[in-house]
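What follows is a single structure, written as structure tokens, with notes after it.
We number each residue from 1, following the sequence as shown. Side chains are part of it too, since the values below use all heavy atoms of this structure and drop only hydrogens, waters and symmetry mates. Ligands are counted one by one from 1 in listed order, and the atoms in each one are counted from 1 as well.
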Amino acid sequence: MAETESLPRHVAIIMDGNGRWAKKRHLPRAAGHVAGVSAVRNIVRAAIDMQLSCLTLYAFSSENWKRPPTEVSHLMGLFRTYFSEDVDELVARNVRMRIIGNRSRAASDILAMIEDGERRTSGNTGLNLTFAFDYGAQEEIAAAARAMAEEAVSGQLDPKSITPESFAARLSTRGLPDPDLIIRTSGERRLSNFLLWQAAYSEFVFVETLWPDFSPAQFREALEAYTQRERRFGALSPEPVA
Ligand code: IPE
Ligand code: IPE
Ligand code: MG
């Protein structure tokens with residue numbers, strides 16, 4: 001395993017493939033989502049054990065509301081289970097839990113559980129665990145632009161002062177470093193409206209494994225692959241020493 005200093009600071013994961021995992025086993029899609037929650041627990045524990053600084057998990061997109069109501073309500077039931085059963089462990093293991101996404105559409109009891117989890121873990125100093133829940137990057141960017149436009153119209157903000165940094169400070173990820181590594185499971189190779197702004201210089205690891213089968217060993221392999229990448233951020237590689 002990589003040395004702690006070569007670990008990415010921020011890993012984000014697009015947890016995909018629950019439905020296909022279930023289909024392969026002739027099970028209902030719901031069974032795939034249940035198995036997906038176990039994978040979340042395993043990966044969060046692995047991230048804590050390896051002292052990762054930030055882990056962001058794409059749990060539900062703003063487009064996932066388009067799924068059949070029975071699937072959406074099953075997923076919401078799993079969020080209830082997770083936030084009611086797992087926050088104690090997060091508190092005990094010094095994890096700071098947060099949510100990014102739209103907070104106006106989900107059921108009020110889920111939002112209350114989320115806010116309770118955020119409050120109870122707000123003083124923790126270990127892993128920064130962020131769930132992208134009812135999250136869509138285009139909505140996030142549009143909301144930031146709208147807020148700035150409103151301030152400009154009311155005279156509180158000079159449009160000339162807007163910079164990439166001041167814009168990023170209006171996004172829901174403010175305070176978090178941009179993801180160094182984005183992992184997507186299930187063989188799909190797209191962002192699906194995840195962290196569009198923040199992914200400007202992220203490295204990508206795509207794995208064929210379906211999310212419920214994604215193991216801590218495969219997680220470590222993805223981090224290992226990251227350590228082999230050369231990140232140039234538009235500049236040139238350092239000249240080899242003669
Ligand atoms: C990811 O698995 C879970 C969510 C999007 C909530 P999917 O449900 O997208 O699984 P596939 O892609 O249909 O296999
Ligand atoms: C992206 O997966 C959203 C999450 C993993 C929560 P989807 O399964 O919704 O993405 P598409 O529809 O295949 O792009
Ligand atoms: Mg999918």
Query raised in the report: Are R189 and D16 close enough for a salt bridge, meaning some N to O gap below 4.0 Å?
Result: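 Salt bridge: no.
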Flag, side chain of [X] to backbone of [Y], donor-acceptor distance under 3.5 Å:
X: Y58; Y: S192; result: yes
X: N124; Y: G126; result: no
X: E118; Y: I99; result: yes
X: R25; Y: W21; result: yes
X: R231; Y: Y201; result: yes

Report task. Return the orientation label for the W197 and F167 ring planes: parallel under 30°, perpendicular over 60°, tilted otherwise. Result -> tilted
Query raised in the report: Under the salt bridge (Lys or Arg N to Asp or Glu O under 4.0 Å) rule, what pairs show up with a residue in residues 134-153, not counting sequence neighbours?
Result: R105-D134, R105-E139, E151-R170
Report task. Measuring from the Mg ion (ligand 3), count protein N/O/S atoms under 2.8 Å, please. Result -> 1
Report task. Please check if the distance between the ring centroids of F131 and F79 is under 6.0 Å. Result -> no
**Report entry** Residue pairs fulfilling ring-ring contact (aromatic ring centres under 6.0 Å, His included) with at least one residue in residues 25-49, sequence neighbours excluded
**Finding:**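 The answer is none; no pair qualifies.
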Query raised in the report: Any idea which atoms of ligand 1 are less than 4.0 Å away from a heavy-atom of R29?
Result: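 Every atom of ligand 1 under 4.0 Å from some heavy atom of R29: 7 (P), 8 (O), 10 (O), 13 (O).
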Quick check on ligand 2: any N or O pairs to the protein under 3.5 Å? One line per pair.
unit_1, atom_1, unit_2, atom_2, d
ligand 2, 8 (O), D16, OD1, 3.2
ligand 2, 8 (O), R67, NH2, 3.2
ligand 2, 9 (O), N64, ND2, 2.9
ligand 2, 9 (O), R67, NH2, 3.3
ligand 2, 10 (O), R184, NH2, 3.3
ligand 2, 10 (O), S192, OG, 3.4
ligand 2, 13 (O), R190, NH2, 2.8
ligand 2, 14 (O), R190, NE, 2.8
ligand 2, 14 (O), S192, OG, 2.6

